[in-house]
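Quick caveat: nothing in here was measured; it's all calculated off a predicted structure. Residue numbers start at 1 and run along the sequence shown.
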Amino acid sequence: MKVIIVGCTHAGVAAVRQIFQEYPDTEVTIYERDNNVSFLSCGIPLYLSGQVKRLEDMFYATPADLAALGAKVCIRHDVVKIDTAKKDLTIENLETHEIFHDTYDKLIMTTGSYVVVPPLMGIDHERVLLCKDYWQAQAIHDTAAQHRRIAVVGGGYVGVELTEAYAQTDHDVTLIQGHDQILNNYIDQEISGEITDLLTDHGVQIHLNERVQAFRADEKTGGLLIDTGDHAYAADLAIVCTGFMANTDLLRGQVTMDRHGAIITNDYQQTSDPDIYAAGDACTVRFNPTGKPAYIPLATNAVRQGMIAARNLYGHKQKFLGTQGSTAMMLFGNTLATTGITLTNARKSGIDAAGVLYHANYRPDFMHPNTPVTIKLVYDRQDRRVLGAQLWSLHEVTQSANAVSIAIQNRNTIDDLAYVDMLFQPHFDQPFNYLNQAAQMAVAQETAATARHHAPAARKD
């Protein structure tokens with residue numbers, strides 16, 4: 001069988017490796033328009049802050065690695081058209097500009113995503129940069145080395161991580177966010193407020209509820225003015241981090257997509273065309289807290305989907321379990337770890353959700369040093385299912401977020417999480433782990449609500 005893989009970052013690399021592990025006789029051809037594969041864009045802030053010295057270390061596979069497995073690797077080759085009815089691809093060799101055709105038995109689309117570029121005046125200014133791939137990362141690193149005043153547009157994960165990286169390297173940093181809080185897709189207001197305060201304490205100027213309307217040259221300084229309507233912020237360099245869109249134009253009108261252009265797949269990563277699979281940022285995922293398709297471009301989703309697409313090429317063997325969208329970041333030594341849905345977004349989705357806020361030292365008070373853990377635990381009031389958690393601490397809490405992710409995956413309730421077996425040892429936690437305690441708070445909250453509901457009405461004698 002002949003398999004063509006279009007695009008080769010995380011999902012594509014995972015698919016190639018899995019194909020040759022399970023089906024070594026498969027004929028595999030890869031078309032990638034860049035000159036590299038497997039770039040870890042999540043490492044860009046580490047490079048900017050100096051924690052990683054070489055951007056090249058952010059690659060975990062090379063075209064030669066994939067060729068050694070048995071794949072025909074065609075880098076600097078751009079697929080310009082796909083005719084699914086004929087199973088025909090039109091390809092341009094970007095080095096020679098030769099145009100040729102290729103055909104497939106099965107097609108795996110791992111074309112990834114691209115940075116959303118808002119249609120703003122001045123967005124093409126030379127000092128307005130984007131941040132996703134290797135070349136963009138190199139550009140913002142080299143340019144920032146020459147300029148002190150940095151403006152980051154967008155307060156999502158990428159924007160906040162870049163903000164911290166620049167604040168650690170003696171830059172004057174301004175963060176402009178169109179929402180009323182930063183990281184609004186990942187955390188609720190309580191923890192967002194703590195992170196905002198932390199960034200402010202490190203000299204970052206944060207402007208919320210302001211949407212950039214234009215970029216223009218600052219004639220006085222030779223720098224840049226970022227116009228939000230009410231204000232014009234001066235900077236030497238602006239980095240736009242306003243989200244990602246699925247790169248799926250090649251299949252538009254040929255397979256089913258959502259309204260944003262992300263490919264919809266079944267549990268086996270098949271598209272509406274059974275001979276075409278999709279994985280990674282090109283497609284939607286099932287978001288387990290809501291049970292609905294969502295667009296969540298994460299490397300963790302991409303590698304799992306790439307492997308699963310490969311496993312199912314010769315028949316249905318492995319389902320994709322869906323995702324909780326689990327993520328983590330480190331900010332000035334603090335860890336933020338999240339999984340599932342926020343309370344705000346759960347309610348927007350129509351769920352009768354509630355939450356509790358837990359805050360206490362992670363281990364007994366007689367242990368020194370010690371530090372508190374803050375947890376926002378979100379649950380469904382109707383069936384008491386755990387829907388999400390946000391953890392924030394100087395203590396390492398990422399594996400606790402993974403534990404909650406499993407609870408969401410398995411549709412566990414707050415009652416389950418309140419009493420599930422977790423170890424106790426004074427070096428590590430309290431007799432009841434902090435996850436147990438947060439869930440116990442939720443159980444107590446629901447018990448009190450039920451008691452109020454069933455309390456007899458006061459007499460009006």
Side-chain angles (χ1 to χ4, degrees), residues 1-19 22-23 26 28-34 37-38 66 71 77-91 102-114 132 244-288 292-323 325:
M1 182 165 69
K2 182 176 180 180
V3 177
I4 290 181
I5 297 174
V6 182
C8 197
T9 51
H10 309 306
V13 170
V16 174
R17 288 173 168 171
Q18 194 67 28
I19 289 170
E22 296 202 36
Y23 314 113
T26 305
V28 178
T29 300
I30 301 166
Y31 290 110
E32 167 58 52
R33 62 187 177 189
D34 212 335
V37 298
S38 81
L66 303 183
H77 281 68
D78 187 23
V79 176
V80 296
K81 183 180 178 181
I82 297 176
D83 185 334
T84 61
K86 297 180 180 179
K87 294 189 174 183
D88 180 84
L89 280 68
T90 306
I91 302 118
D102 202 353
T103 59
Y104 61 87
D105 297 311
K106 301 287 185 180
L107 179 68
I108 302 179
M109 295 295 291
T110 52
T111 44
S113 59
Y114 58 89
K132 188 178 193 297
F244 303 102
M245 289 286 287
N247 184 18
T248 57
D249 285 348
L250 286 169
L251 290 182
R252 193 170 298 277
Q254 301 187 86
V255 299
T256 303
M257 300 181 182
D258 72 1
R259 62 191 181 93
H260 300 294
I263 299 169
I264 296 174
T265 64
N266 63 14
D267 289 341
Y268 301 96
Q269 298 307 132
Q270 279 177 305
T271 70
S272 55
D273 182 325
D275 290 327
I276 300 177
Y277 295 73
D281 289 8
C283 62
T284 63
V285 294
R286 185 180 72 253
F287 187 43
N288 287 324
K292 298 176 181 178
Y295 186 62
I296 305 176
L298 291 172
T300 48
N301 292 332
V303 294
R304 279 191 284 272
Q305 289 179 314
M307 291 180 69
I308 289 169
R311 296 203 70 198
N312 293 321
L313 285 173
Y314 288 80
H316 292 172
K317 294 178 64 174
Q318 177 72 53
K319 287 186 176 182
F320 180 60
L321 296 175
T323 182

- Query: Do Tyr104 and Thr29 get their side chains close enough for a donor-acceptor pair, meaning under 3.5 Å?
  - Reply: no
- Task: Measure the CG-CD1 distance between Leu89 and Ile82 for me, rounded to the nearest 0.5 Å.
- Result: 4.5 Å
- Counting only heavy atoms not in Lys81, do more than 12 fall under 6.0 Å of its NZ? no
- Would you say the side chain of Cys283 lies within less than 4.5 Å of the side chain of Met109, judging by non-hydrogen atoms? no
- How long is the span from the CG atom in Asp275 to the CG atom in Leu107, to the nearest 0.5 Å? 9.0 Å
- Query: Has the side chain of Thr248 got a donor or acceptor atom that lies under 3.5 Å from a matching backbone atom of Gly261?
  - Reply: yes
- Query: Atom CD1 of Ile276 and atom CD1 of Ile263: how far apart are they, to the nearest 0.5 Å?
  - Reply: 8.0 Å
- Task: Report yes or no: does Thr271 contribute a side-chain atom to a donor-acceptor pair with the main-chain N or O of Asp273 at less than 3.5 Å?
- Result: yes
- Mark yes or no for whether Glu32, through its side chain, and Gly7, through its backbone, hold a donor-acceptor pair below 3.5 Å. no
- Task: Please report the shortest heavy-atom distance between Leu66 and Cys8, naming the atom on each side.
- Result: CD1-SG, 3.6 Å
- Message: Could you tell me if the side chain of Thr9 sits less than 4.5 Å from the side chain of Asp281, heavy atoms only?
- Response: no
- Among residues two or more places apart or on two chains, list those pairs meeting salt bridge (charged side-chain N to carboxylate O under 4.0 Å, His left out) that have a residue in residues 248-271. Asp249-Arg252, Asp267-Arg286
- Note on the structure: Between Ala262 and Ala246, the two heavy atoms sitting closest are CA-CB, 3.8 Å
- Message: Can a side-chain donor-acceptor contact be found between Gln305 and Asn301 if the only test is distance below 3.5 angstrom?
- Response: no
- Item | Under 3.5 Å donor-acceptor, Gln18 side chain and Ala310 backbone | no
- Look at the rings of Tyr268 and His316 and say which category their plane angle falls in: under 30° parallel, 30 to 60° tilted, over 60° perpendicular. parallel
- Message: Quick check against the 3.5 Å criterion: does Gln318 have a side-chain atom that pairs as donor or acceptor with the backbone of Ile308?
- Response: no
- Query: Which is it for Thr284 and His260 under the side chain to side chain contact (heavy atoms under 4.5 Å, CB included) test, yes or no, and what are the steps along the way?
  - Reply: CA-CA 10 Å; Thr284 63; His260 300 294; over 6 Å; no
- Item | Shortest non-hydrogen contact from Gln269 toward Ala279 | NE2-CA, 4.2 Å
- Message: Just checking Lys2: does its NZ atom have more than 12 heavy atoms from other residues, nucleotides or ligands closer to it than 6.0 angstrom?
- Response: yes
- At their closest point, which heavy atom of Phe287 faces which heavy atom of Ala294, and how far apart are they? CB-CB, 3.9 Å
- Message: Ignoring hydrogens, what is the shortest heavy-atom contact between Ala71 and Val16? Give both atom names and the distance.
- Response: CB-CG1, 4.3 Å
- Message: Whether the side chain of Tyr23 engages the backbone of Leu313 through a donor-acceptor N/O pair (distance < 3.5 Å, no angle test) should be reported.
- Response: no
- Message: Under a 3.5 Å distance rule, please check whether Thr111 uses its side chain to pair with a backbone N or O of Asn247 as donor and acceptor.
- Response: yes
- Query: Can any side-chain N or O of Lys106 pair as donor or acceptor with the backbone N or O of Tyr277 at less than 3.5 Å?
  - Reply: no
- How long is the span from the OH atom in Tyr314 to the CE atom in Met1, to the nearest 0.5 Å? 3.5 Å
- Interatomic distance, CZ@Phe320 vs CG@Asn312, rounded to 0.5 Å, equals 12.0 Å
- Task: Give a yes or no on whether the backbone of Thr256 and the side-chain of Ser272 come within a donor-acceptor separation of less than 3.5 Å.
- Result: yes
- Going from CD1 on Ile108 to CD1 on Ile30, what distance comes out if it is rounded to the nearest 0.5 angstrom? 10.0 Å
